[in-house]
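In what follows, a single structure is set out as structure tokens and then discussed.
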Amino acid sequence: DNNPTDHNFPEHKQLSAFSVGPKGVINDWRRFKLESMDQENLNPAKRELLRQMSSPSRAKDTSRANLNRKMSVQEYELLKEEDEGCLKSYRKRCMQEMHDKLSFGPKFEGVYDLDSGEAFLEVIEKEHHSTVVVVHIYKNGIKGCEALNSCLDCLATEYPTVKFCRIDAVASGAAERFSDEYLPTLLVYKAGELLGNFLSCTQHLNEEFFATDVEGFLNSYGLLPEKELPQMEDDEENDIE
């Protein structure tokens, strides 16, 4: 019976990568502006102004008025210079830091080949409690097994927080339980609990299927996490007006 249960994600950790209050955001932006501008080509006056902007607490005037000051006209004019590209970079950095803070558990590369029943049990029982483990039980020569293996190779790159594995039915030591008529089989686990048990899973797919079809099938049961935040390429950002 395919009755996946609800996910139990760990509590979100408190964000600490950068300040999120209004004054914290301004100062964080000031520091980023200082780091990203070409210091060598700035005249001394602008360089000193940027230093004060990025580190108001270290300026000569450490009064409360200075620490909580509003942006000056000089700062505003300076920030206007080359701001469009810098603001995009700043926004990208903030989004990536936020995403990194909300990402839990280990990351994986590719599909893991399990060579024994012991390895199968170990990956189920000892994996991180937040990790979804997808196991493909296959046998060479069985229709759909090779295509499904190729699909999982693709999905492993799309979902690095999911541990995709495969094991030959004979090597699993349970060939009698997974006879040819039930292959390929997909088993989905999390924290040692079986969330999805899909015998002869290709019967739910078209005759010719692709990674997106397998992804859609697993998502229909809520078994895959949110995809990783795509990295924006610099040339794509430059196309933004």
Side-chain angles (χ1 to χ4, degrees), residues 1-11 102-230:
D1 185 22
N2 304 331
N3 292 315
T5 59
D6 293 334
H7 295 271
N8 294 314
F9 291 102
E11 294 182 3
L102 295 177
S103 295
F104 298 96
K107 302 289 183 69
F108 307 96
E109 294 183 2
V111 179
Y112 292 77
D113 289 292
L114 308 178
D115 57 8
S116 66
E118 289 75 15
F120 174 74
L121 292 175
E122 183 173 352
V123 77
I124 293 169
E125 296 173 353
K126 296 186 178 181
E127 197 49 70
H128 191 277
H129 65 86
S130 70
T131 297
V132 173
V133 179
V134 177
V135 181
H136 173 209
I137 301 178
Y138 70 95
K139 186 184 290 185
N140 291 328
I142 298 296
K143 184 179 180 180
C145 288
E146 184 178 355
L148 187 56
N149 272 333
S150 297
C151 291
L152 296 186
D153 286 334
C154 294
L155 292 181
T157 64
E158 297 280 337
Y159 295 90
T161 61
V162 176
K163 187 164 190 176
F164 290 92
C165 306
R166 55 185 164 228
I167 184 170
D168 184 279
V170 177
S172 71
E176 69 282 357
R177 293 179 54 193
F178 298 105
S179 57
D180 293 359
E181 62 183 305
Y182 297 126
L183 301 180
T185 285
L186 276 181
L187 304 177
V188 185
Y189 296 87
K190 185 179 180 185
E193 180 183 356
L194 180 65
L195 303 181
N197 179 15
F198 306 106
L199 303 176
S200 187
C201 60
T202 50
Q203 67 180 317
H204 304 288
L205 305 170
N206 294 326
E207 183 76 14
E208 185 178 19
F209 61 90
F210 304 94
T212 52
D213 301 310
V214 179
E215 177 185 33
F217 173 70
L218 293 173
N219 273 330
S220 70
Y221 289 92
L223 294 173
L224 293 178
E226 292 293 326
K227 275 189 177 182
E228 288 287 282
L229 183 72

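Because the structure is a prediction, the values reported are computed rather than measured.
- The SG atom of Cys145 lies 11.5 Å from the CZ atom of Arg166; values are rounded to the nearest 0.5 Å.
- For Tyr138, the ring-ring contact (aromatic ring centres under 6.0 Å, His included) partners at least two apart in sequence or on another chain are His136.
- Side chains of Ile137 and Leu187 form a contact here, defined as non-hydrogen atoms less than 4.5 Å apart.
- Looking only at side-chain heavy atoms (C-beta outward), Phe108 and Thr131 come within less than 4.5 Å of each other.
- Heavy atoms only, all atoms of each residue included: Gly117 and Ile167 are closest at N-CD1, 4.5 Å.
- Nearest heavy-atom pair across Lys139 and Asp168 is CA-OD2, 4.0 Å.
- Looking at every heavy atom in both residues, Leu223 comes nearest to Val188 through CD1-CG2, 3.9 Å.
- Residue Leu148 holds its CG atom at 13.0 Å from CD1 of Ile142, rounded to the nearest 0.5 Å.
- Residues Asp115 and Ala171 approach most closely at O-CB, 3.8 Å, considering heavy atoms.
- Under a cut-off of 6.0 angstrom, the local environment of CD in Gln203 is crowded, with over 12 non-hydrogen atoms contributed by other residues, nucleotides or ligands.
- Atoms CG and OG, on Leu114 and Ser116 in that order, are 7.5 Å from each other to the nearest 0.5 Å.
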Thr212 vs Glu158, test: side chain to side chain contact (heavy atoms under 4.5 Å, CB included). Steps then yes/no.
CA-CA 11 Å; Thr212 52; Glu158 297 280 337; over 6 Å; no

Decide yes or no on side chain to side chain contact (heavy atoms under 4.5 Å, CB included) for Lys107 and Thr161, but give the supporting numbers first.
CA-CA 5 Å; Lys107 302 289 183 69; Thr161 61; 3.6 Å; yes

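- Phe198 and Tyr221 have their aromatic ring centers within a separation under 6.0 angstrom.
- Residue Leu152 holds its CG atom at 14.0 Å from OH of Tyr112, rounded to the nearest 0.5 Å.
- Glu127 places a side-chain heavy atom less than 4.5 Å from the side chain of Pro106.
- Interatomic distance, Ser200 OG to Leu186 CG, rounded to the nearest 0.5 Å: 10.5 Å.
- Remark: Leu218 CG to Asp213 CG distance equals 11.0 Å, nearest 0.5 Å.
- Residues Tyr159 and Glu215 have side chains in contact (heavy-atom distance under 4.5 Å, counting atoms from C-beta outward).
- No side-chain heavy atom of Thr202 sits less than 4.5 Å from a side-chain heavy atom of Lys143.
- The minimum heavy-atom distance linking Ala147 with Phe209 is given by the pair CB-CZ, 3.6 Å.
- A 6.0 Å sphere centred on OH of Tyr182 holds no more than 12 heavy atoms belonging to other residues, nucleotides or ligands.
- Among all heavy-atom pairs drawn from His128 and Ser130, the shortest one is ND1-OG, 2.7 Å.
- In this pair, Phe120 and Tyr189 present their aromatic rings perpendicular. The plane angle is above 60°, beyond the 30 to 60° band.
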